[in-house]
There are 2 protein chains.
Amino acid sequence: MSYSRQATLSCDNNSDASCSVEAALSIISGKWKLKIYKILQQGTPVRFSMIAKGLGDVSEKSLSFQLREMENDGLIARTVYPEVPPRVEYSLTDLGKSLQIVFESLDVWGKAYIKANKLGV
Amino acid sequence: MSYSRQATLSCDNNSDASCSVEAALSIISGKWKLKIYKILQQGTPVRFSMIAKGLGDVSEKSLSFQLREMENDGLIARTVYPEVPPRVEYSLTDLGKSLQIVFESLDVWGKAYIKANKLGV
DNA sequence: CAGTATCCGTGCTGATACTG
DNA sequence: CAGTATCAGCACGGATACTG
């Protein structure tokens, strides 16, 4: 891990009210996080390779990194089964599930935006 | 302008429902956009230099770029007064104002996240 | 299978200098 | 005043090879 995070997370020096908003944004921002979320949303734990397959063209490193960030943020749970070959399953935590309403809000606005700007195609 | 946008915008090839969410995310993602939004939220049009002052340490190029993106996305209106010296004022459009509820949603979740992860300080 | 290590390309962002 | 042009740095994400 050569770099960590945008550092907007803790907002130590915050005198503004946008701290929580920026925290939320930094957590859900990431090229694959939304799609990972959608995959895990089904409810049953999903294996690393299955997530990779669901995403299509993600590299192992990128997927691993995004998953690790989501785990560190408390969005997903990582369960390792001490088997051979190794098996690791990921699932949404309650905190992760609570993102649902945020995505719904973004979905509603996104649709309104697309409509307003006539970006149908 | 040497580069344009992350290209997740139009979602031409979308077969998934996350298109609108990603569109919304790409639009509000940007180092200064949330703070610009907060400044313009007061209601009265604000001049370029006043926005810069409100942000503190943003470069002119970065601010200009963020404003241009927000304008292109229909979030803010740009009014040029043909005076000397030139005066340009920015204000939120109705579409921009409609982001309010999205930010509220992010704010609520962000607060819950901070609480869950004990990131107070 | 599920990663990690290393290298690398690109794009976002900033600093500085210049213009109408 | 309100930008634009150019240069530069670094974070991000990807490719490939290697490991427990």
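Protein chains get the first letters and strands the later ones, always in sequence-line order, with residue 1 at the start of each. Atoms considered below: every heavy atom in the structure, side chains included; atoms not considered: hydrogens, waters and symmetry mates.
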Look at all strands and tell whether [X] reaches a base, only sugar-phosphate, or nothing, counting heavy atoms closer than 4.0 Å.
X	result
E83(B)	nothing
E89(A)	nothing
Y81(A)	nothing

Does the side chain of [X] get closer than 4.0 angstrom to OP1 or OP2 of [N] through an N or O atom?
X	N	value
R47(A)	dC1(C)	no
S64(A)	dG3(C)	no
R78(B)	dA2(D)	no
S49(B)	dC1(D)	no

When you look at Y37(A) and I28(A), which way does the side-chain contact (heavy atoms from CB on, under 4.5 Å) test go after all the steps?
-> CA-CA 9 Å; Y37(A) 183 89; I28(A) 62 181; over 6 Å; no
Determine which nucleotide pairs with dC1(D), using a 3.5 Å limit on both distances of a Watson-Crick or G-U wobble pair.
->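 Partner of dC1(D): dG20(C).
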Point-to-point distance, once rounded to the nearest 0.5 Å, from CD1 of I27(B) to NZ of K33(B) =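 NZ of K33(B) is found 8.0 Å from CD1 of I27(B).
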Please confirm whether any donor atom in the side chain of K61(A) sits under 3.5 Å from an acceptor in the base of dG14(D), or the reverse.
->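 Present.
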Nearest of dG13(D), dA2(C), dT4(D) to any side-chain atom of W32(A)?
->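 So the nucleotide nearest the side chain must be dG13(D).
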Give the nucleotide from the list dG3(C), dG3(D), dG20(C) with an atom nearest to the side chain of V88(B).
->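 From the listed options, dG3(D) comes nearest.
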I114(B) reachable from L75(A) in the ILVMFWY side-chain graph, under 4.5 Å edges =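 Yes, same cluster.
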Intermediate values then yes/no, side-chain contact (heavy atoms from CB on, under 4.5 Å), V102(B) and V108(A) | CA-CA 9 Å; V102(B) 175; V108(A) 169; over 6 Å; no
To the nearest angstrom, how far is K33(A) atom NZ from dC12(D) atom P?
->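 In whole Å, dC12(D) P and K33(A) NZ are 9 Å from each other.
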